[in-house]
Amino acid sequence: MIPVNPDRFLADLHQLRSFGAAGVGKGVIRPAYSAPDIAARQWLAGQYGAAGLEVAVDPCGSVFGMAPGRSLLVGSHSDSQPEGGWLDGALGVICGLELARAGAEAGVPISAVSFQDEEGRFGVTTGSRVWAGHSTLEDADALVDSAGVSFAEARAAMAGMVTGPVDPARFTGFLECHIEQGPWLHEAGEAVGVVSDIVGIRDMRMTFEGEQNHAGTTPMHRRKDALQAMLRFQSLIAERFRNVVTPQTVWTTGHVEVHPGSHSIVPGRCSFSMQWRDGDADRLGRMEEIIRDAAAEVAAQMGMTLTTSAMLGLEPVPMDPALRGALEGAAEAQLPGRWRRMQSGALHDATSLAKLMPVAMLFVPSINGISHAFAEDTDEADLVAGLKVLAEAVERLAG
Ligand code: HGY
Ligand code: MN
Ligand code: MN
């Protein structure tokens, strides 16, 4: 077995948590290119160097610790949501660090990575999407966050760390350990999940423009209230999705901007995020049609203009059978009866990399299924169990 060191692994996880610690539970605030994110990446690069790995930082700010020659890549992302948990992404990054370090000690070449902006401050898994060639750096540079900051402006804060492009041909495959971010393993009392496939995603911004007016003197039947247009749109798509979606399909409006946002003004503009996910690419397409048709109908009915941003997306991806088999064999050997094969409803960097190389993922339970929130947590025994299954799977693949 690759001699992973659970105490060192846990100590590094808590050290990473200290970068952007929110002071609420174990929560973190470490969005891409924020000072805590950059400091965490500098610390990680130092850890990779101390482990004897070749350190590289690509133009997006993804940090690699590379073994000599070709090797398996193990990692995830260390940026967080605007309000994030201490384990989302961080678990996989520290698993990668610990495995690369223990691998070097055991003569098993393993490389490690922390991708940048997986949490999509600017897009959808931006750093790994650019690295895997789903998007050019130029296209990514034009993306803006909800405050209007461009990807180009934000990544300039890491320019001093960038060593240059990292060649994906150096890696034979990618393994990512991640918290489930859902309730199923925790509720079943199971220890790990081996991912079968990752759902696909579509994401865009939509804006209704009506007429800003006085909240007291504008009769209800004469308003062009952009917020009311958005609400009517939401109920229309929920109704029309009924015959299209399954219980696993999800759709979310997580960010809404109502302009000008005053108690006494009928909103003239409502801009909002529209994101949907499913394991079937055709269903994602049918949902897109419903979304676009419903928005156009509401705009016409209510005398509004409608604008939509470019749509970002990634297709559903199956995990590589050989890598997944190694994870399943290790899980059965170490945790018989306490693991399951399961779909990932969350998106991960593994989705981006599936275009380039074999990928597979391992889940550990999320307490009460909570994630993308300060309350996100996992029992440390489960974290260590996941590390050990990953280590045995790597060894099986190296064998
Ligand atoms: O949204 C996701 O699925 C990922 O956690 N960024
Ligand atoms: Mn994640
Ligand atoms: Mn996340």
Side-chain angles (χ1 to χ4, degrees), residues 13 16-17 20 22 26-32 34 37 40 60 62 74-96 113-130 132 134 143 145-146 174-185 193 195 197-204 248-255 273-279 284 312-317 342-354 359-366 369-378 383 386:
L13 259 180
L16 180 50
R17 173 163 73 92
K26 295 178 181 169
V28 297
I29 301 174
R30 199 170 60 227
S34 60
D37 171 62
C60 287
S62 296
V74 182
S76 189
H77 61 93
S78 52
D79 61 295
S80 81
Q81 283 284 328
E83 289 191 3
W86 72 297
L87 293 169
D88 180 354
L91 171 61
V93 166
I94 301 301
C95 280
V113 63
S114 168
F115 284 109
Q116 183 56 291
D117 195 30
E118 188 280 343
E119 293 292 9
R121 172 186 166 190
F122 294 93
V124 168
T125 63
T126 319
S128 58
R129 249 160 40 91
V130 171
H134 293 274
L143 296 170
D145 68 4
S146 48
F174 178 64
L175 282 179
E176 183 170 4
C177 183
H178 205 285
I179 50 171
E180 179 199 340
Q181 301 182 291
W184 311 121
L185 293 176
V195 175
D197 60 299
I198 304 174
V199 300
I201 190 172
R202 298 288 183 271
D203 192 290
M204 64 179 175
Q248 281 68 47
T249 312
V250 293
W251 61 95
T252 312
T253 288
H255 186 265
S273 61
M274 187 70 229
Q275 183 192 94
W276 59 108
R277 309 186 192 202
D278 192 83
L284 291 171
L312 296 175
L314 282 168
E315 298 313 310
V317 288
M342 62 194 296
Q343 183 181 62
S344 173
L347 202 62
H348 301 286
D349 291 309
T351 295
S352 302
L353 273 65
V359 304
M361 288 195 72
L362 186 72
F363 279 168
V364 297
S366 291
I370 302 291
S371 182
H372 283 192
F374 291 149
E376 175 187 288
D377 204 358
T378 298
L383 297 175

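Atoms within each ligand, like the ligands themselves, are counted from 1 in listed order. Heavy-atom basis, side chains included; hydrogens, waters and symmetry copies ignored. Throughout, residue positions are numbered sequentially from 1 according to the sequence presented.
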When you draw lines from the Mn ion (ligand 2) to NE2 of His77 and to NE2 of His178, what angle lies between them, to the nearest 10°?
-> 110°
Should you measure from each heavy atom of Ala346, which atoms of ligand 1 turn up under 4.0 Å away?
-> 3 (O)
Any donor and acceptor pair, going by atom type alone, linking the side chain of Asp117 with main-chain N or O of Phe122 inside 3.5 Å?
-> yes
Could you tell me which non-hydrogen atom of Val364 sits nearest to which non-hydrogen atom of Leu185, and how far apart they are?
-> C-CD1, 3.9 Å
What is the ring orientation for Phe115 with Phe174, classed by angle as parallel under 30°, tilted 30 to 60°, or perpendicular over 60°?
-> perpendicular
So does Trp251 have more than 12 non-hydrogen atoms from other groups sitting under 6.0 Å from CH2?
-> yes
Should you measure from each heavy atom of Glu119, which atoms of ligand 1 turn up under 4.0 Å away?
-> 4 (C), 5 (O), 6 (N)
Is His348 close enough to the Mn ion (ligand 2) to have an N, O or S atom under 2.8 Å?
-> no
Sidechain N-carboxylate O distance under 4.0 Å for Asp377, Lys26 = yes
Do any nitrogen or oxygen atoms of Leu347 come within less than 3.5 Å of a nitrogen or oxygen of ligand 1?
-> yes
Protein contact of atom 1 (O) of ligand 1 - nearest heavy atom, named by residue and atom, plus distance = Arg277 NH2, 2.7 Å
For the Mn ion (ligand 2), find the closest N/O/S atom belonging to Asp88 and write down its atom name.
-> OD1
Taking all atoms of both residues into account, what is the closest heavy-atom pair of Arg277 and Ala346, and its distance?
-> NH1-CA, 3.7 Å
Answer with side chain, backbone, both or neither: which part of His372 has a heavy atom less than 4.0 angstrom from an atom of ligand 1?
-> side chain
Pull out every atom of ligand 1 sitting under 4.0 Å from any heavy atom of Glu118, numbered as shown with elements.
-> 4 (C), 6 (N)
Could you tell me which N, O or S atom of Glu119 is nearest to the Mn ion (ligand 3)?
-> OE2
Between Arg202 and Glu315, is there a side-chain N and carboxylate O pair less than 4.0 Å apart?
-> yes
